[in-house]
Amino acid sequence: MHFQWYPGHMTKARRMMQENIKLIDLIIELTDARIPLSSRNPDIDELGKNKARLILLNKADLAEETASNEWVDYFRGKGYTAVKVNSKKGGGMKSIQSVIQEACREKTERDRRRGILNRPVRAMVVGIPNVGKSTFINSLAGKACARTGNRPGVTKGKQWIRLNKNVELLDTPGILWPKFEDQEVGMKLAFIGSIRDEILQTEELAWELIKFLNTGYPGTLEEKYGIPAAENACECLRNIAEARHCLVRGKELDTEKAASILLEDFRGGKLGRITLEKPEAEQEGRY
Ligand code: G4P
């Protein structure tokens, strides 16, 4: 299975990111809690060196809780501030302002030692497409609300959201380009819907998801669709098509439609809370 990310988009995204990073102190990086590594782009470490860093495991409502806790520990072990959130429903959002302060503590103290007082920390949200950047910003801004206008000079044309007297957030998120030279990473991004379905083979993708689920979460598909255990992924998809009455011209099984149903169910959390990569596997060099 092959995926593409157009170089033109990537160059533009990178340029925007470099310009905006100059204006800020803290990078709030959103990852998808179901694939915390595959939904990151490690280039942000290079682009954002010397900046305070906060990693959010967003969509934590769709991921396995214990795995998310392990990922939080994993990122903390690497020196980031890390927390899990559900931007859509607000889970974990209450404490986010204090988490932001914590992530910036070193910088605030450095400022204080230099006699710089009351300068708000400037932050920017970054992440790959569809990870929840806008939802997160709206959730935060909904509470804070005071949007500051354009400022002359350095911040010309930028809109800042004042979260409190200590923190201002750039209201446009930075788009990170997904990094899927590794086909397995590409596949996981496709599972969660970060790569447009039109450029993918839906059935092939569904087979891969079935293989993954049957290994990592055995029994899940049988229970959800009321289907018998199958010999292989292809048969399993046919079973789902049958159970869901997906038929072409009233008789042949429409496995393409069954594949879309399966992917939608997975993406919407209807198969339960599922994490596609675990930190212990990553530490062994595979994920
Ligand atoms: P982006 O700016 O990074 O591109 O992402 P955006 O906020 O547009 O969010 C992409 C999708 O992810 C949206 O769903 C949004 O509701 C959903 N989402 C964001 N955060 C969370 C979360 O913490 N949990 C869950 N379960 N979903 C989240 P959508 O289908 O595009 O829109 P809608 O159906 O929610 O309106």
Side-chain angles (χ1 to χ4, degrees), residues 3 5-6 9-10 12-14 16-17 20-21 24 27-41 43-44 47-48 54-65 67-69 71-72 75 82-97 99-100 123-144 147 158-159 161 169-180 185 188-200 202 209 260-277:
F3 309 100
W5 174 259
Y6 306 103
H9 282 156
M10 185 171 120
K12 192 164 170 241
R14 188 177 238 277
M16 282 287 289
M17 186 73 69
N20 284 335
I21 277 180
I24 54 131
I27 296 174
I28 303 176
E29 182 187 349
L30 262 74
T31 66
D32 188 301
R34 294 166 294 176
I35 48 167
L37 284 190
S38 299
S39 58
R40 292 193 75 208
N41 183 327
D43 291 358
I44 192 67
L47 285 166
L54 167 58
I55 291 191
L56 301 181
L57 296 163
N58 192 40
K59 308 198 185 184
D61 53 308
L62 301 176
E64 221 185 288
E65 178 122 41
S68 296
N69 291 337
W71 277 115
V72 165
F75 286 119
V83 287
K84 47 187 182 159
V85 290
N86 169 359
S87 305
K88 196 169 172 177
K89 293 273 164 65
M93 294 297 292
K94 260 196 211 135
S95 57
I96 220 67
Q97 298 217 18
V99 172
I100 290 176
M124 171 171 73
V125 171
V126 307
I128 63 166
N130 207 38
V131 75
K133 299 178 295 297
S134 310
T135 313
F136 174 76
I137 292 176
N138 287 338
S139 174
L140 259 187
K143 288 184 193 77
R147 275 164 204 267
K158 306 282 175 204
Q159 290 278 316
I161 303 162
L169 186 71
L170 190 60
D171 86 342
T172 15
I175 300 170
L176 288 175
W177 47 102
K179 202 167 178 103
F180 45 79
V185 171
K188 289 175 188 168
L189 289 164
F191 287 163
I192 66 161
S194 273
I195 298 172
R196 281 180 301 126
D197 280 356
E198 306 93 87
I199 60 168
L200 296 167
T202 317
L209 181 61
S260 299
I261 291 176
L262 171 67
L263 289 165
E264 281 315 302
D265 283 348
F266 168 73
R267 289 169 187 165
K270 298 205 177 96
L271 302 179
R273 296 174 69 162
I274 289 170
T275 299
L276 296 171
E277 59 195 16

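These numbers come from the heavy atoms of this one structure, side chains and all, not from hydrogens, waters or symmetry mates. In each ligand, atom 1 is the first atom listed, and ligand 1 is the first ligand listed.
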Enquirer: Does an N or O from V131, backbone or side chain, lie closer than 3.5 Å to an N or O of ligand 1?
Expert: yes
Enquirer: Name the closest protein heavy atom to atom 20 (N) of ligand 1, giving the residue it belongs to and the distance to 0.1 Å.
Expert: N58 ND2, 3.1 Å
Enquirer: Under the 3.5 angstrom rule, does the side chain of T31 hit a backbone N or O of L56 as a donor-acceptor pair?
Expert: yes
Enquirer: Quick one: does any side-chain atom of S68 pair with a main-chain N or O of E64 as donor and acceptor, under 3.5 Å?
Expert: yes
Enquirer: For atom 2 (O) of ligand 1, state which one of S194, P129, A63, S134 supplies the nearest heavy atom.
Expert: S134
Enquirer: Heavy-atom contacts under 4.0 Å between L30 and ligand 1: side chain, backbone, both, or neither?
Expert: neither
Enquirer: Quick test: of every protein heavy atom, which one is nearest to atom 18 (N) of ligand 1, and how far off is it to 0.1 Å?
Expert: K59 CE, 3.7 Å
Enquirer: Pull out every atom of ligand 1 sitting under 4.0 Å from any heavy atom of S87, numbered as shown with elements.
Expert: 20 (N), 22 (C), 23 (O)
Enquirer: Please write down residue, atom name and distance for the protein heavy atom closest to atom 24 (N) of ligand 1.
Expert: D61 OD1, 2.8 Å
Enquirer: Would a distance-only check, ignoring hydrogens and angles, find a side-chain to backbone donor-acceptor pair under 3.5 Å from R273 to A60?
Expert: yes
Enquirer: Could you report the tightest heavy-atom contact between I274 and R34, atom names first, then the distance?
Expert: O-CG, 3.2 Å
Enquirer: Indicate whether atom 31 (O) of ligand 1 is within a distance of less than 4.0 angstrom of some protein heavy atom.
Expert: no
Enquirer: Between I175, L170, L169, which is the residue that forms a side chain to side chain contact (heavy atoms under 4.5 Å, CB included) with T172?
Expert: L170
Enquirer: Can you check whether T135's main-chain N or O pairs, donor with acceptor, with S87's side chain at less than 3.5 Å?
Expert: no
Enquirer: Treating W71 as the side-chain partner and E277 as the backbone partner, does any N or O pair qualify as donor plus acceptor under 3.5 Å?
Expert: yes
Enquirer: Among all the protein's heavy atoms, is there at least one whose distance to atom 12 (O) of ligand 1 comes out below 4.0 Å?
Expert: yes
Enquirer: What protein heavy atom lies closest to atom 14 (O) of ligand 1? Include the residue and the distance to one decimal.
Expert: K88 NZ, 4.9 Å
Enquirer: Mark whether atom 26 (N) of ligand 1 lies under 4.0 angstrom from at least one protein heavy atom.
Expert: yes
Enquirer: Could you check atom 5 (O) of ligand 1 against the protein and tell me its nearest heavy-atom contact, residue, atom and distance included?
Expert: G132 N, 3.1 Å
Enquirer: Starting from atom 15 (C) of ligand 1, find the nearest protein heavy-atom neighbour and note its residue, name and distance.
Expert: T135 OG1, 3.6 Å
Enquirer: Would you say the side-chain atoms of N69 and K84 include a donor-acceptor pair closer than 3.5 Å?
Expert: yes
Enquirer: Check each of V185, N130, I128 against S39 using the side chain to side chain contact (heavy atoms under 4.5 Å, CB included) test, and report the only one that passes.
Expert: I128
Enquirer: Going by a strict under-4.0 Å cutoff (protein heavy atoms only), does atom 7 (O) of ligand 1 have a neighbour on the protein?
Expert: yes
Enquirer: V85 and side chain to side chain contact (heavy atoms under 4.5 Å, CB included): which single residue from L57, I96, D61 fits?
Expert: I96
Enquirer: Return the closest protein heavy atom for atom 4 (O) of ligand 1 as residue, atom name and distance.
Expert: N130 N, 2.8 Å
